[in-house]
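All chains are named by letter (A, B, ...) in the order of the sequence lines, taking the proteins before the strands, and each is independently numbered beginning at 1.
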Number of protein chains: 2
Amino acid sequence: MESYTEENYLKVIYHLSNLTTGTVQTNAIADKIQTRPASVTDMMKKLAEKQLINYVKYQGVTLTEKGKATAVNIVRKHRLWELFLVKTLNFKWDEVHEIAEELEHVNSPLLIERLDEYLGYPKNDPHGDPIPDKNGNFDSPALVKLSKLKPAEKGIVVGVSEHSSSFLKYLEKIKLTLGTAVEMIEVIEFDGSVDLLVEDTRKNVSREVASHILMRTN
Amino acid sequence: MESYTEENYLKVIYHLSNLTTGTVQTNAIADKIQTRPASVTDMMKKLAEKQLINYVKYQGVTLTEKGKATAVNIVRKHRLWELFLVKTLNFKWDEVHEIAEELEHVNSPLLIERLDEYLGYPKNDPHGDPIPDKNGNFDSPALVKLSKLKPAEKGIVVGVSEHSSSFLKYLEKIKLTLGTAVEMIEVIEFDGSVDLLVEDTRKNVSREVASHILMRTN
DNA sequence: TAATAAAGTTAGATAAATCTAAATAAAATT
DNA sequence: AATTTTATTTAGATTTATCTAACTTTATTA
């Protein structure tokens with residue numbers, strides 16, 4: 001059985017490995033977990049001993065099948081709890097991440113099964129991210145960043161690749177939340193921002209924001 | 001902010017202090033937490049430094065007002081989660097204690113307020129124990145042990161003073177759960193067991209069991 | 001009252017997770 | 001190819017929580 005800290009490391013390695021090809025680097029993990037590279041090296045050795053990761057010094061790490069299964073299970077728990085907090089306890093989607101970071105470590109498979117059943121076996125969390133089922137499987141449809149839409153292309157907001165509270169709050173403010181239909185009008189060449197039509201309203205969004213909004217196009 | 005371990009110690013001291021006059025003893029705490037007396041002594045010193053308990057070596061401990069407030073808050077969280085598990089996720093009352101032991105440490109006051117609201121500001125948990133409100137207040141009506149009822153006296157089962165899974169399972173088996181109306185027929189002098197009338201059925205219950213069932217008499 | 005037993009404390013050890021500082025290896029630059 | 005910079009690792013320290021063994025204090029018994 002893994003400790004909270006080990007679970008957190010596995011989850012971060014899992015998320016980082018989805019953003020990059022090749023191995024996950026020590027500094028990237030340290031940044032995410034907000035600790036020192038030396039602490040990461042120490043933990044990598046432990047996780048390797050437990051056959052949860054493949055680790056060669058200076059060469060980065062990859063998850064083993066066992067490590068990936070463990071990480072996916074924690075992600076599943078995190079996302080089910082986030083949905084519960086929003087759907088049942090009326091939290092906003094930007095308020096749930098930290099709470100779910102704690103709830104995800106409760107070690108009770110039956111609890112998670114009951115929660116899954118109670119929520120109606122949902123496929124996605126409040127941010128649009130896929131919720132793995134009890135076997136670790138989930139849909140991963142091809143999504144495209146809003147910043148990559150071409151003029152006149154339309155799509156629906158179905159996810160975000162940035163989960164910070166401030167980012168999510170901002171999206172709510174500008175009414176670019178999950179389910180919103182969007183039409184690309186123009187990409188402003190000079191600063192990369194994008195002009196959009198959202199519910200009959202023209203609005204401009206920076207490239208930095210647009211690159212974190214995930215769309216399913218029509 | 002207290003650590004999980006500190007919270008657990010405070011909670012156990014709180015429960016023990018409700019069962020005894022005077023101070024709570026080191027060995028009693030060690031038994032409940034399933035650790036060594038030396039570990040308890042170490043932790044008592046720390047909790048005293050944080051002004052959560054009053055501690056003089058060899059003289060047992062008492063909770064300070066601050067310590068008691070902290071303990072009552074953890075009990076509140078524990079009992080709200082237990083009720084949630086039974087009411088919303090359909091757990092049995094004997095399945096929830098261990099899970100609530102983990103959930104109670106999630107550090108989010110707003111979460112507990114939302115849970116309280118969602119559950120309808122309940123006064124009691126699935127075992128009949130009082131749930132403190134956000135100010136730490138709760139009803140403590142005078143209850144009497146089943147073993148203390150006199151012949152022909154009637155009452156309603158409203159609580160238990162033993163929370164082990166096996167005990168709760170047994171009560172379900174003999175249909176002596178919360179809300180059950182009971183009439184005392186006779187106390188068997190020779191072994192202290194009690195003859196009862198429960199829903200038109202005569203049954204005999206040992207004194208050991210009867211002394212852990214709490215009644216509100218008519 | 002003295003002896004014994006039990007409760008409780010202290011000292012030092014271990015494990016997990018983190019840190020800083022120094023050292024090593026790899027990558028980037030010149 | 002050599003030098004410099006950055007990434008990473010190693011060594012040793014700290015903190016928290018636990019342990020065992022030995023010692024001290026209190027309670028019980030004779």
*Quickly, which of B:L115, B:D116, B:L103 forms a side-chain contact (heavy atoms from CB on, under 4.5 Å) with B:F84? Name it, please.*
B:L115
*asked:* Expressed as a whole number of angstroms, how long is the span from A:N8:CG to C:dA17:P?
replied: 11 Å
*May I ask you to decide if the ring planes of A:Y4 and A:H105 are parallel, tilted or perpendicular, using 30° and 60° as cut-offs?*
parallel
*Specify the separation, in whole Å, of atom CD of B:Q25 and atom C1' of D:dT26.*
11 Å
*asked:* Tell me whether A:K134 contacts the main-chain N or O of A:P109 through its side chain, where contact means a donor paired with an acceptor under 3.5 Å.
replied: no
*Residues from residues 31-47 of chain A sitting under 4.0 Å of DNA chain D, heavy atoms only?*
A:P37, A:A38, A:T41, A:K45
*Round to a whole Å and report the spacing from NZ of B:K57 to C1' of D:dA27.*
18 Å
*For the residue pair B:D42 and B:R36, establish whether any side-chain heavy-atom pair is separated by less than 4.5 Å.*
no
*Okay, side chain of A:D125, backbone of A:H127: is any donor-acceptor separation there less than 3.5 Å?*
yes
_Whether B:Y55 contacts C:dG8 is assessed here as follows: a side-chain N or O lying under 4.0 Å from the phosphate OP1 or OP2. Is that the case?_
no
*Going by modelled atom types, is there a donor-acceptor pair between the base of C:dT24 and the side chain of A:Y58 at under 3.5 Å?*
yes
*Out of C:dA17, C:dT9, C:dG8, whichever nucleotide has its closest atom nearest the side chain of B:N27*: C:dG8
*Listed partners of B:E162 passing side-chain contact (heavy atoms from CB on, under 4.5 Å), at least two apart*: B:S164, B:F167, B:H212
*Rounded to whole angstroms, how far apart are CD on B:Q59 and C1' on D:dT24?*
13 Å
*Ignoring backbone atoms, test whether A:T5 places a side-chain nitrogen or oxygen under 4.0 Å from the OP1 or OP2 oxygen of C:dA16.*
no
*For the pair made of CD in A:E49 and C1' in C:dA17, what is the distance, rounded to whole Å?*
15 Å
*So with a 6.0 Å cut-off around NZ of A:K32, is the heavy-atom count from everything else above 12?*
no
*Just call it for B:Y4: base, sugar-phosphate, or nothing, with non-hydrogen atoms closer than 4.0 Å on any strand.*
nothing
*Among D:dT18, C:dT18, C:dT9, find the nucleotide with the atom closest to the side chain of A:Y9.*
C:dT18
